[in-house]
> 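Next up is a structure, given as structure tokens.
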Amino acid sequence: MPERRVLQRLTLTMATAASGVMVAALSIPAPAGAVTGGTPDGSQHPYVGALVPPGGSSPTCTVSLVRGDNGVVVALTDGHCLYRNGRHNGTGALVSFASTWSSSATTYTGPWYVHPNYDPSNHTHDLAAIVLKSPPPIGYAVLAANGVTANRPVGSTVTVVGIGQPYLGQRRSASEVITGRSSSWLYLEAGSGNSCNNDSGGPDLLPGTNTVLALTDQGTCSYDEDTRADTADAHWFVTTAATWPTLRPAMSLNLSSSTTQVNHNVTAYGSTSPLYSGETVFRQGYYSGAWHTWAKTTIGSRGHYSFTITPTVATTDYYRVYLPASATHPAGASRTRALTVTE
């Protein structure tokens with residue numbers, strides 16, 4: 001979804017001494033505001049910007065220009081900010097690092113990728129990266145080393161930065177208080193302020209540094225459940241994201257049987273990376289010296305696809321699956337499979 005998710009549930013964050021996991025319950029109303037209680041950020045965090053989604057005209061989320069372990073720099077945000085009806089990649093997103101967004105602000109663009117394991121039902125692996133074609137000439141943030149948040153005691157603070165409502169497009173910052181953590185989440189409550197709608201993807205920084213501990217994700221304008229960035233998973237995602245525009249998709253193809261009879265069904269099935277979910281994959285047959293498309297289907301949310309083949313002639317058919325090139329990846333094709341058809 002294109003903005004910060006509000007949890008309509010009964011929860012109250014309370015850290016336990018042993019694990020930092022939060023328990024208890026309280027009814028919390030829907031929020032209004034942005035980095036509530038925060039102040040205009042000016043040039044303090046120039047690497048935090050506004051994300052305008054594909055086809056949009058105004059910001060809906062926050063990004064950070066982040067350096068990966070291999071030196072590659074990408075605009076990092078939440079997966080739910082760019083996930084589109086099962087699609088894990090696309091183009092058309094715009095990013096601005098102006099302290100206040102306007103329609104005349106300088107923008108940057110490039111293909112975007114949602115974490116291949118992002119689950120919209122519970123927002124695990126809630127990460128997305130825009131691989132900017134021409135990165136802006138500004139500084140950048142860095143992901144905290146693995147496990148750093150475990151060293152931040154309950155009651156200590158982080159600096160949150162975002163561009164949300166009601167100052168939509170204005171970069172603002174505040175402090176929030178750590179109330180607990182899990183292996184995936186950092187839990188926060190308001191300090192000098194609190195992130196809110198459209199601040200999704202904005203960084204939770206180690207105070208006084210450009211080190212990203214977590215990304216604003218879900219909660220209300222009173223407390224947060226933010227995606228930890230000090231994990232091996234987050235480091236892997238940022239480090240590899242920049243390779244995806246040139247990565248040829250790996251496509252598999254199997255047949256439920258290598259032999260069949262005329263008018264009997266055989267299933268052709270395979271998988272690819274969930275990065276390509278939502279795209280159209282083609283089943284092709286080889287004859288007359290070329291590949292011809294015989295059927296098409298949509299790649300599922302986990303990267304799977306299948307076709308039903310009902311041959312009408314006794315012969316040997318040769319099949320492959322083919323994913324056409326797009327602005328986010330080269331073309332990909334599976335190995336050839338033969339199906340022997342008898343009367």
Side-chain angles (χ1 to χ4, degrees), residues 1-5 51 53-54 60-70 72-93 95 110-132 141-147 149 181-186 199-204 212-219 224-247 249-250 271-279 299-304 323 326-329 332:
M1 58 187 67
E3 62 183 73
R4 187 161 180 267
R5 184 167 72 102
L51 169 65
T60 57
C61 279
T62 303
V63 303
S64 296
L65 197 65
V66 171
R67 182 178 184 272
D69 296 342
N70 59 352
V72 169
V73 177
V74 300
L76 184 67
T77 190
D78 284 344
H80 71 253
C81 294
L82 288 169
Y83 185 77
R84 293 288 183 275
N85 299 319
R87 286 292 299 271
H88 283 71
N89 70 73
T91 58
V95 174
W112 53 263
Y113 302 88
V114 174
H115 193 294
N117 294 327
Y118 170 62
D119 186 343
S121 69
N122 57 23
H123 293 277
T124 52
H125 305 283
D126 198 358
L127 298 168
I130 304 101
V131 183
L132 302 180
V142 295
L143 299 187
N146 290 354
T149 62
R181 65 186 62 80
S182 71
S183 60
S184 299
W185 304 101
L186 183 65
D199 291 324
S200 277
D204 300 343
V212 182
L213 298 175
L215 302 185
T216 295
D217 199 313
Q218 54 192 357
D224 292 322
E225 183 176 1
D226 292 353
T227 296
R228 283 179 58 170
D230 65 326
T231 64
D233 183 61
H235 279 260
W236 168 84
F237 178 73
V238 170
T239 298
T240 60
T243 68
W244 290 330
T246 60
L247 184 65
S271 64
T272 185
S273 170
L275 282 172
Y276 311 117
S277 62
E279 296 196 39
I299 299 172
S301 62
R302 297 184 182 275
H304 298 287
L323 182 65
S326 74
T328 63
H329 60 78

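Computed over heavy atoms, backbone and side chain alike; hydrogens, waters and symmetry mates excluded.
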> Less than 4.5 Å apart, side chain to side chain, heavy atoms only: is that true for Asp78 and Cys61?
no
> Can you name the nearest heavy-atom pair linking Ala327 to Pro111, along with the distance?
O-CB, 4.2 Å
> With sequence neighbours excluded, tell me which residues meet side chain to side chain donor-acceptor pair (under 3.5 Å) with Asn146.
none
> So, does Ser301 use its side chain to make a donor-acceptor pair with the main chain of Gly86 at under 3.5 Å?
no
> Would you check, one step at a time, whether the test side chain to side chain contact (heavy atoms under 4.5 Å, CB included) holds for His123 with Tyr83?
CA-CA 11 Å; His123 293 277; Tyr83 185 77; over 6 Å; no
> Contact between Trp185 and Gln218 at the side-chain level, heavy atoms closer than 4.5 Å - yes or no?
yes
> Counting N and O atoms only, with roles assigned by atom type, does the side chain of Thr216 sit under 3.5 Å from a partner on the main chain of Gly201, one being a donor and the other an acceptor?
no
> Counting N and O atoms only, with roles assigned by atom type, does the side chain of Asn89 sit under 3.5 Å from a partner on the main chain of Tyr113, one being a donor and the other an acceptor?
no
> List the atom of Ala129, the atom of Ala241, and the distance in Å for their closest heavy-atom pair.
CB-CB, 3.9 Å
> Please identify each residue that fulfils salt bridge (Lys or Arg N to Asp or Glu O under 4.0 Å) with Asp230, with sequence neighbours left out.
Arg228
> To the nearest 0.5 Å, how far apart are CG in Leu143 and NE2 in His235?
5.0 Å
> Could you tell me if the side chain of Arg84 sits less than 4.5 Å from the side chain of Pro53, heavy atoms only?
yes
> How long is the span from the OG atom in Ser200 to the CG atom in Asp226, to the nearest 0.5 Å?
8.5 Å
> Tell me if a side-chain donor or acceptor on His88 pairs with a main-chain N or O of Asn117 at a distance below 3.5 Å.
no
> Looking at Thr149 and Leu213, would you say the former's side chain and the latter's main chain have a donor-acceptor pair under 3.5 Å?
no
> Looking at Ala242 and Val72, what are the two nearest heavy atoms and their distance?
CB-CG1, 3.1 Å
> Who passes side-chain contact (heavy atoms from CB on, under 4.5 Å) against Val142, sequence neighbours left out?
Arg67, Tyr140, Asn210, Thr211
> So does Thr239 get a backbone contact from the side chain of Asn70, meaning a donor-acceptor N/O pair under 3.5 Å?
yes
> Do Asp217 and His80 have side chains that approach each other closer than 4.5 Å (heavy atoms only, starting at C-beta)?
yes
> Would you say the side chain of His329 lies within less than 4.5 Å of the side chain of Leu323, judging by non-hydrogen atoms?
yes
> Looking at Ala75 and Val95, what are the two nearest heavy atoms and their distance?
CB-CG2, 4.4 Å
> Could you verify whether a donor N or O on one side chain and an acceptor N or O on the other, from Thr124 and Asn122, lie under 3.5 Å apart?
yes
> Could you go through Trp244 and Tyr276, starting from their C-alpha distance and side-chain angles, then the distance that decides it, and tell me whether this counts as ring-ring contact (aromatic ring centres under 6.0 Å, His included)?
CA-CA 11 Å; Trp244 290 330; Tyr276 311 117; 8.9 Å; no
> For the CG atom of Asp233 and the OG atom of Ser184, what is their distance to the nearest 0.5 Å?
8.0 Å
> Which heavy atom in Ala250 sits nearest to a heavy atom in Thr272, and how many Å separate them?
O-OG1, 2.8 Å
> Within the side chain of Thr77, is there an N or O that forms a donor-acceptor pair under 3.5 Å with the backbone of Thr62?
yes
> Work out which heavy atom in Ser121 is nearest to a heavy atom in Asp119; give both atom names and the distance.
OG-OD1, 2.6 Å
> Please report the interatomic distance CG(Leu76) to CG(Leu51), rounded to the nearest 0.5 Å.
11.0 Å
> So, the side chain of His115 versus the backbone of Leu127: is there a donor-acceptor pair under 3.5 Å, distance only?
no
> Just to verify, which of Thr328, Leu132, Leu82 counts as forming a side chain to side chain contact (heavy atoms under 4.5 Å, CB included) with Trp112?
Leu82
